[in-house]
Amino acid sequence: MVVAAALVSCTQASSGGGHDADVARTVDSVEDADRAEREAGQAAEAGEADPTAAPSPGPALVRDAFATLQATLNETCTPGAGDCAYFLGRVTRELTELDESMRADTKGPGHFKKPLADMKALFDELGDDRSEAHLEKHFSKIVGTRDAINTWMQDHPDDYR
């Protein structure tokens with residue numbers, strides 16, 4: 001046991017170990033991290049991408065976003081009955097995701113001109129208020145936009161198959 005303790009002590013001393021070395025390594029690590037963060041910030045400002053950074057997920061493909069919207073077609077609620085918060089919130093969220101997907105699609109937003117215009121009109125009318133009462137007030141517009149986009153997409157099967 002004494003031999004092992006002496007060996008550890010000698011190893012720390014010969015390899016620069018011990019408390020002072022730990023403190024120095026910690027300071028170096030913090031300085032390295034700070035430098036890396038500053039460099040990453042400068043690269044981001046310069047428009048350079050960090051090749052080692054994990055890519056952030058982009059918008060879903062149009063077909064995937066449309067599939068989740070389409071899953072709401074047989075659902076509804078009764079405004080004023082207290083059962084619309086989830087349904088209208090979900091349809092609005094699905095429309096938002098479809099809007100993002102269409103704008104990011106390689107075909108370009110010009111290909112999706114009609115559904116994007118319909119969603120813009122809806123989002124302009126809704127504003128930022130996503131309360132149940134506000135969404136219920138716009139029930140017909142929300143459901144009508146969903147249905148109009150479904151009809152448009154049915155005429156463009158290459159966009160969702």
Side-chain angles (χ1 to χ4, degrees), residues 22-161:
D22 289 341
V23 170
R25 278 192 295 271
T26 301
V27 169
D28 288 344
S29 301
V30 170
E31 289 173 353
D32 289 344
D34 288 344
R35 184 174 32 258
E37 189 174 316
R38 281 192 308 275
E39 289 171 0
Q42 291 168 350
E45 288 174 11
E48 300 171 16
D50 180 4
T52 60
S56 61
L61 295 173
V62 170
R63 73 165 191 254
D64 296 339
F66 177 59
T68 59
L69 177 66
Q70 209 174 17
T72 69
L73 285 177
N74 294 325
E75 296 179 23
T76 192
C77 68
T78 306
D83 64 346
C84 284
Y86 171 76
F87 170 70
L88 293 174
R90 179 176 174 200
V91 172
T92 303
R93 185 175 53 254
E94 301 297 351
L95 288 168
T96 300
E97 291 173 6
L98 183 60
D99 181 89
E100 292 169 356
S101 296
M102 288 178 169
R103 291 181 189 286
D105 191 85
T106 57
K107 292 179 182 177
H111 175 73
F112 301 102
K113 191 174 183 176
K114 173 74 170 117
L116 287 172
D118 289 348
M119 288 184 280
K120 181 180 181 338
L122 172 66
F123 299 147
D124 286 350
E125 193 170 313
L126 289 178
D128 294 331
D129 187 352
R130 296 297 187 263
S131 67
E132 182 177 10
H134 186 70
L135 293 177
E136 284 183 0
K137 178 180 167 188
H138 298 283
F139 175 88
S140 295
K141 181 80 171 175
I142 294 168
V143 172
T145 301
R146 176 201 63 186
D147 294 347
I149 289 171
N150 179 61
T151 300
W152 187 91
M153 289 293 288
Q154 295 304 321
D155 290 337
H156 297 81
D158 58 308
D159 290 318
Y160 65 90
R161 290 193 178 150

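Everything numeric here is computed off the predicted structure, so don't read it as measured data. Computed from heavy atoms alone, side chains included, the values below leave out hydrogens, waters and symmetry copies.
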Starting at CG of Asp64, measure out to CG of Leu98 and round the result to the nearest 0.5 Å. 11.0 Å
For the CG atom of Asn150 and the CG atom of Leu73, what is their distance to the nearest 0.5 Å? 4.5 Å
NZ (Lys113) with more than 12 external heavy atoms under 6.0 Å: no
Quick check: closest heavy atoms across Cys84 and Pro79, and the distance to 0.1 Å? SG-N, 3.6 Å
What is the ring orientation for Trp152 with Phe112, classed by angle as parallel under 30°, tilted 30 to 60°, or perpendicular over 60°? tilted
Are the side chains of [X] and [Y] in touch, meaning some heavy atoms are under 4.5 Å apart?
{"X": "Leu61", "Y": "Asp105", "result": "no"}
{"X": "His156", "Y": "Asp158", "result": "yes"}
{"X": "Thr72", "Y": "Arg146", "result": "yes"}

Might you work through the side chain to side chain contact (heavy atoms under 4.5 Å, CB included) test for Leu135 and Asp129, ending with a clear yes or no? CA-CA 8 Å; Leu135 293 177; Asp129 187 352; over 6 Å; no
Keeping the roles fixed (side chain from Glu136, backbone from Gly80), state whether a donor-acceptor pair exists under 3.5 Å. yes
Are the side chain of Asp159 and the backbone of Met153 linked by a donor-acceptor contact shorter than 3.5 Å? no
Residue pair Asp83, Thr78: steps toward the side chain to side chain contact (heavy atoms under 4.5 Å, CB included) verdict: CA-CA 7 Å; Asp83 64 346; Thr78 306; 4.1 Å; yes
Taking distance alone, no hydrogens or angles, what donor-acceptor pairs closer than 3.5 Å link side-chain atoms of residues 115-127 to residues at least two apart or in another chain?
from: Asp118; atom 1: OD1; to: Lys114; atom 2: NZ; distance (Å): 2.9
from: Asp118; atom 1: OD2; to: Lys114; atom 2: NZ; distance (Å): 3.2
from: Lys120; atom 1: NZ; to: Asp124; atom 2: OD2; distance (Å): 2.7
from: Glu125; atom 1: OE2; to: His138; atom 2: ND1; distance (Å): 2.9

Quiz: residues 86-94 side-chain donor-acceptor pairs under 3.5 angstrom, not counting sequence neighbours:
from: Arg90; atom 1: NH1; to: Glu75; atom 2: OE2; distance (Å): 3.0
from: Thr92; atom 1: OG1; to: Leu88; atom 2: O; distance (Å): 2.7
from: Glu94; atom 1: OE1; to: Thr68; atom 2: OG1; distance (Å): 2.6

